[in-house]
Participant: 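Questions regarding the structure given below will be posed in turn.
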Number of protein chains: 2
Amino acid sequence: MAERKTTWKSVRDRVRDDILAGRFKPGDRLPRDADLAETLNCARSTVQRAMQDLVDSGLIERRRKGGTHVRREPIARATLDIRVTRLEIEQSGREYGYQLISLEEAAPPASVLAKLGITAPRPLLRADALHLADGRPYILEERWICTQTTPEISQVDLTWISANEWLIKNKPYSRYELRLYAQKANASTARQMEIKRGDALFVIERATFEDERPITLVKSFTQPGYQLVATT
Amino acid sequence: MAERKTTWKSVRDRVRDDILAGRFKPGDRLPRDADLAETLNCARSTVQRAMQDLVDSGLIERRRKGGTHVRREPIARATLDIRVTRLEIEQSGREYGYQLISLEEAAPPASVLAKLGITAPRPLLRADALHLADGRPYILEERWICTQTTPEISQVDLTWISANEWLIKNKPYSRYELRLYAQKANASTARQMEIKRGDALFVIERATFEDERPITLVKSFTQPGYQLVATT
DNA sequence: ATTGCTATTATGTCGCTACATAATAAGTCA
DNA sequence: TGACTTATTATGTAGCGACATAATAGCAAT
């Protein structure tokens, strides 16, 4: 009899329901953890865990002494999983192919330096490559690699190994920044991806850092129709 | 003396560093929580919290009895915060404007029904609107609203209130699906957004549900140059 | 050999206590 | 009155113990 147990998730769901049902409105103050624990007949640590989860999901705000409040400005928070391109293709049942297009040391444009947080202009290694699914262009990547922080890359034969896979295995990062946007395909991109010039491309741009030191910046131009899906 | 304390975050960082530095390779098994707790001189619950965080960030996998392993296929996980358009504009210091373009009951295309999980074809309420920043088109939204699950919407004057804001305040959702992609502007979109036909638009498509019952599907066509930024 | 029960192992969850920390309010002394 | 100290309040973090649960291994009966 009685209910089986009070898990922190059930507490979270209950509080969330209260908020979503409007029993607590944006800006309202929620009961203290201790009180809630008593009414729900559980320990405060259980409530605390539930509340922390709601903070992470962006529904509430908590301040010491100030208490817990429903966020005034709700935000929708979603999680994106970005897989390695090879796996993304293989796991969808298609055959993966990789092709190095060019590899050279070059002076990056200011925008690239800015995104990597580099102040003094310096040449970087640029590697362009194509990921193929069943032999057809799937993602074109334009990559800038910091030779200063990753000198080992110069000894790797990127003709066969994707820089991405090498870096993932050999150069861990502690932080990264993602930028998502749309761009028209220019002449050379269109040619390499076998699409029409002017087609709308979804671009995933990722800059990785290790301890604030830049490692690499990669722009992935995806085939028209590509979608990134996220769920709550 | 001795070190001050062992926080679960310090444990997490330590384990993460071990993995990133290659002391544990993909697929390797990590020590049991209990052992780790002993060597680090802390409680198992502290280790457990640290490990759970690493699971959430996609670095490791845990299975009861099976133990903790470094994920073989690393995934990059990022969190996106999607704010209400009005706030996004206001917080960037620009003036927000809203304009209803059209409002009518219509038969949605199959793709819309599919994304909302509706099997039997039925008319939905369609509301198109424009969000303006400093008087210029910023986001064009094309929205389908389930009148069956949200009949109250028909009594709201959407000429002045954005359907988005009304729904957020009055119709909570428990789950949503996000789709991000790029699309060429067609003639009418281009006209409404005051851009050129064929321009590459970044599209944010969101379907919200309450308890698996569909509420609304909205496609937000963003002004060229729009970027979505996520950080770890 | 196959099925079924039991033991083992490692993680998952929860309660309780204790102390830390941040924010604020109240009080105190010059 | 103003600056400093102290108390209060509510959340944050950690420890420890206990039991739950899932996955596996081992053993036993047929």
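This one's a predicted model, so the numbers in the text were calculated from it and none came from an experiment. The sequence lines fix the lettering, A, B, ..., with proteins before strands; numbering per chain opens at 1.
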Participant: Rounding to an integer number of Å, can you tell me how far B/D33 CG sits from D/dA20 C1'?
Facilitator: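 For the pair B/D33 CG and D/dA20 C1', the rounded distance is 16 Å.
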Participant: Using whole Å, report how far CG of B/D13 lies from P of D/dT13.
Facilitator: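 In whole Å, D/dT13 P lies 13 Å from B/D13 CG.
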Participant: So that I know where these two stand, are B/F202 and B/Y181 an aromatic pair - ring centroids less than 6.0 Å apart?
Facilitator: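 No, too far apart.
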Participant: Heavy-atom contacts under 4.0 Å between residues 51-72 of chain A and DNA chain D, which residues?
Facilitator: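 The stretch gives A/Q52, A/R62, A/R63, A/R64, A/K65, A/G67, A/T68 as the residues lying under 4.0 Å from the strand, ordered by number.
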Participant: Under 4.0 Å from OP1 or OP2 of D/dG12: is there any side-chain N or O of A/Q48 that close?
Facilitator: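 Yes, within the criterion.
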Participant: If a pair satisfies salt bridge (Lys or Arg N to Asp or Glu O under 4.0 Å) and one of its residues is in residues 74-92 of chain B, list it, with sequence neighbours excluded.
Facilitator: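 Listed by first then second residue: A/R77-B/D81, A/D81-B/R77, B/R86-B/E90, B/R86-B/E165.
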Participant: I'd like to know if the side chain of B/Y98 pairs up with that of B/H131 as donor and acceptor (distance under 3.5 Å, no hydrogens or angles considered).
Facilitator: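 The answer is no; no qualifying pair exists.
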Participant: Both B/L30 and B/S45 contact DNA chain C. Which one's nearest nucleotide lies toward the 5' end?
Facilitator: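 That would be B/L30.
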Participant: In whole angstrom, give the distance that lies between atom NZ of B/K9 and atom P of D/dG12.
Facilitator: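 Between P of D/dG12 and NZ of B/K9: 10 Å.
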Participant: Checking side-chain polar atoms at under 3.5 Å, does A/T149 have a donor or acceptor matched by the opposite partner on A/R213?
Facilitator: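 Checked: A/T149/A/R213 side chains show no N/O donor-acceptor pair below 3.5 Å.
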Participant: Hey, is the main chain of A/L125 close enough, under 3.5 Å, to the side chain of A/T147 for a donor-acceptor pair?
Facilitator: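 Judged by distance alone, no pair lies under 3.5 Å.
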Participant: Atom CD of B/E38 to atom C1' of C/dA10: distance rounded to whole Å?
Facilitator: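 Taking atom C1' of C/dA10 as the reference, CD of B/E38 is at 15 Å.
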Participant: Can you find a donor-acceptor N/O pair under 3.5 angstrom joining the side chain of B/R49 to the base of C/dG12?
Facilitator: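 Answer no: no donor N or O sits under 3.5 Å from an acceptor.
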Participant: Looking only at N and O atoms, is any donor in the side chain of B/R44 or the base of D/dG17 less than 3.5 Å from an acceptor on the other one?
Facilitator: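 Check fails, no donor-acceptor contact within cut-off.
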